[in-house]
Amino acid sequence: MKKLNGTNKINIAVFISGKGSNLKNLIKHSYAYNSKFRISLIITDNSKALGLKFAKKFHIKKKIVNFDNTKLVEKNLVMFLKRNKISLICLAGFMRILSKKFIKNFNGKILNIHPSLLPKYKGLNTHKRAIKNKEKFSGCTVHLVNSKLDSGKIILQKKVKIFKKDTPKSLALRILVQEHALYPKAVKKILANL
Ligand code: GAR
């Protein structure tokens with residue numbers, strides 16, 4: 001098998017808005033033996049995102065983007081990503097909807113992780129709604145991003161049982177553990193076909 005060195009690894013940009021535990025986990029996997037990718041950019045819409053600390057800790061370039069003027073900002077962001085030779089974008093707790101135009105520029109190359117078994121529970125408050133509806137299972141999904149919210153092709157999913165005593169918080173924590181197992185696997189699967 002061809003050994004990858006630092007220069008021929010695939011560059012990934014991770015977009016975050018908050019804690020960044022999925023980001024940290026992807027960084028950890030990027031350091032694994034024979035990993036084919038590196039996290040070379042962290043993009044956020046939130047200058048206070050806790051996950052930004054991983055940029056400093058792991059010496060990764062970061063960019064804080066004010067998405068309010070979407071058109072212009074996204075145009076500049078596309079150029080910035082292309083300049084940095086980004087081949088794949090991973091949304092990881094990124095709480096913004098990207099424009100059709102932006103998505104077209106990276107068609108088939110934007111992944112998102114969502115804390116439900118899509119197509120069920122698109123959008124926000126997934127755990128609260130699943131518990132309220134007395135679902136027996138929830139879980140997480142990694143999917144390709146298209147122009148409709150949480151609707152692109154599903155790459156991988158993991159089911160998680162909901163217990164009677166679960167609160168949205170306890171369920172979220174159990175699902176997050178599975179997200180950390182799922183996202184790197186989905187990235188590998190996508191990279192194999194890039
Ligand atoms: C994760 O649970 C992720 O699935 C969810 O936000 C959390 C981010 O956690 N994403 C969404 O709800 C997107 N619709 P993290 O910042 O610790 O990775």
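Excluded from the calculations below are hydrogen atoms, water molecules and symmetry mates; all remaining heavy atoms, backbone and side chain alike, are included. This structure is a prediction, so every number in the text was calculated from the model and none was measured.
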Are Ile154 and Ile175 linked, directly or through other ILVMFWY residues, by side chains that come within less than 4.5 angstrom of each other?
no
Taking the side chain as C-beta and beyond, is there a heavy-atom pair between Met95 and Asn46 under 4.5 Å?
no
Gap between atom CZ of Arg129 and atom OH of Tyr121 - 0.5 Å precision:
7.5 Å
Check whether NZ of the Lys or CZ of the Arg Lys165 lies under 6.0 Å from the centre of the six-membered ring of Phe163 and within 45 degrees of that ring's axis.
yes
Ring geometry between His114 and His143 (parallel below 30°, tilted from 30 to 60°, perpendicular above 60°):
perpendicular
For Phe54 and Ile60: C-alpha separation, side-chain torsions, deciding distance, then whether side-chain contact (heavy atoms from CB on, under 4.5 Å) applies.
CA-CA 8 Å; Phe54 300 119; Ile60 299 171; 6.0 Å; no
Do Lys71 and Ser99 have side-chain N/O donor and acceptor atoms under 3.5 Å apart?
no
Using only atom types and a distance under 3.5 Å, with no angle test, would you say the side chain of Ser138 pairs donor to acceptor with the backbone of Ser116?
no
Between Tyr183 and Leu111, what is the shortest heavy-atom contact and its length?
OH-O, 3.2 Å
Are Leu88 and Ile110 linked, directly or through intermediate hydrophobic residues, by side-chain heavy-atom contacts shorter than 4.5 Å (ILVMFWY only)?
no
Is the backbone N or O of His180 less than 3.5 Å from a side-chain atom of Asn25, with the two atoms forming a donor-acceptor pair by type?
yes
Gln178 side chain to Val160 backbone, donor-acceptor under 3.5 Å:
no
Starting at OG of Ser17, measure out to CG of Leu50 and round the result to the nearest 0.5 Å.
11.5 Å
Those residues at least two apart in sequence (or on a different chain) that pass salt bridge (Lys or Arg N to Asp or Glu O under 4.0 Å) with Arg96 are Asp45, Asp68
In terms of heavy-atom contacts, Asn22 and Ala92 come closest through CB-CB, 3.8 Å
Co-membership, hydrophobic cluster, residues Leu171 and Val177, 4.5 Å side-chain:
no
Atom SG in Cys90, atom CD1 in Ile16: separation rounded to 0.5 Å?
12.5 Å
Once you round to the nearest 0.5 Å, how far does CG of Leu118 lie from OG of Ser151?
7.5 Å
Looking at Lys82, I'd like to know if its NZ atom is crowded, meaning that more than 12 non-hydrogen atoms belonging to other residues, nucleotides or ligands lie closer than 6.0 Å.
yes
Please determine whether residues Ile12 and Leu182 belong to a single hydrophobic cluster, defined as Ile, Leu, Val, Met, Phe, Trp and Tyr linked transitively by side-chain heavy-atom distances below 4.5 Å.
yes
Identify the two heavy atoms, one from Ser35 and one from His29, that lie closest to each other, and give their separation to 0.1 Å.
CB-O, 3.5 Å
Heavy-atom closest contact (Thr167 atom, Ile131 atom, distance):
C-CD1, 3.4 Å
If you count every heavy atom of other residues, nucleotides or ligands that lies below 6.0 Å from Leu144 atom CG, does the total exceed 12?
yes
Heavy-atom pair with the smallest gap, counting every atom of Ile155 and Lys189
O-NZ, 3.3 Å
Let me see the working for Asn105 and Glu74 under side-chain contact (heavy atoms from CB on, under 4.5 Å), right down to the final yes or no.
CA-CA 10 Å; Asn105 270 289; Glu74 285 193 349; over 6 Å; no
So does Lys161 have more than 12 non-hydrogen atoms from other groups sitting under 6.0 Å from NZ?
yes
Measure the CZ-CD1 distance between Phe106 and Ile86 for me, rounded to the nearest 0.5 Å.
7.5 Å
Mind checking whether Phe94 and Phe67 have ring centres under 6.0 Å apart?
yes
Lys NZ or Arg CZ of Lys9 over Phe37 ring: under 6.0 Å, within 45°
no
Is there a side-chain contact (heavy atoms from CB on, under 4.5 Å) between Phe15 and Val65? Walk through the geometry before answering.
CA-CA 10 Å; Phe15 285 32; Val65 177; over 6 Å; no
With side-chain contact (heavy atoms from CB on, under 4.5 Å) as the criterion, how do Leu176 and Lys19 come out once you've worked through the C-alpha distance, each side chain's angles and the decisive distance to 0.1 Å?
CA-CA 12 Å; Leu176 194 61; Lys19 258 190 347 274; 3.8 Å; yes
Group every Ile, Leu, Val, Met, Phe, Trp and Tyr by side-chain heavy-atom contacts under 4.5 Å, then state whether Ile89 and Leu191 land in the same group.
no
Any sub-3.5 Å donor-acceptor pair from Lys185's side-chain atoms to Leu156's backbone N or O?
no
To the nearest 0.5 Å, what is the distance between CG on Asp150 and CD1 on Ile113?
11.5 Å
Look only at the side chain of Asn11 and the backbone of Lys85, and say whether a donor-acceptor pair between them is shorter than 3.5 Å.
yes
Judged by atom type as modelled, is there a donor-acceptor pair below 3.5 Å linking the side chain of Thr126 to the main-chain atoms of Pro115?
yes
What's the shortest heavy-atom distance between Ile103 and Leu98, and which atoms?
CD1-O, 3.6 Å
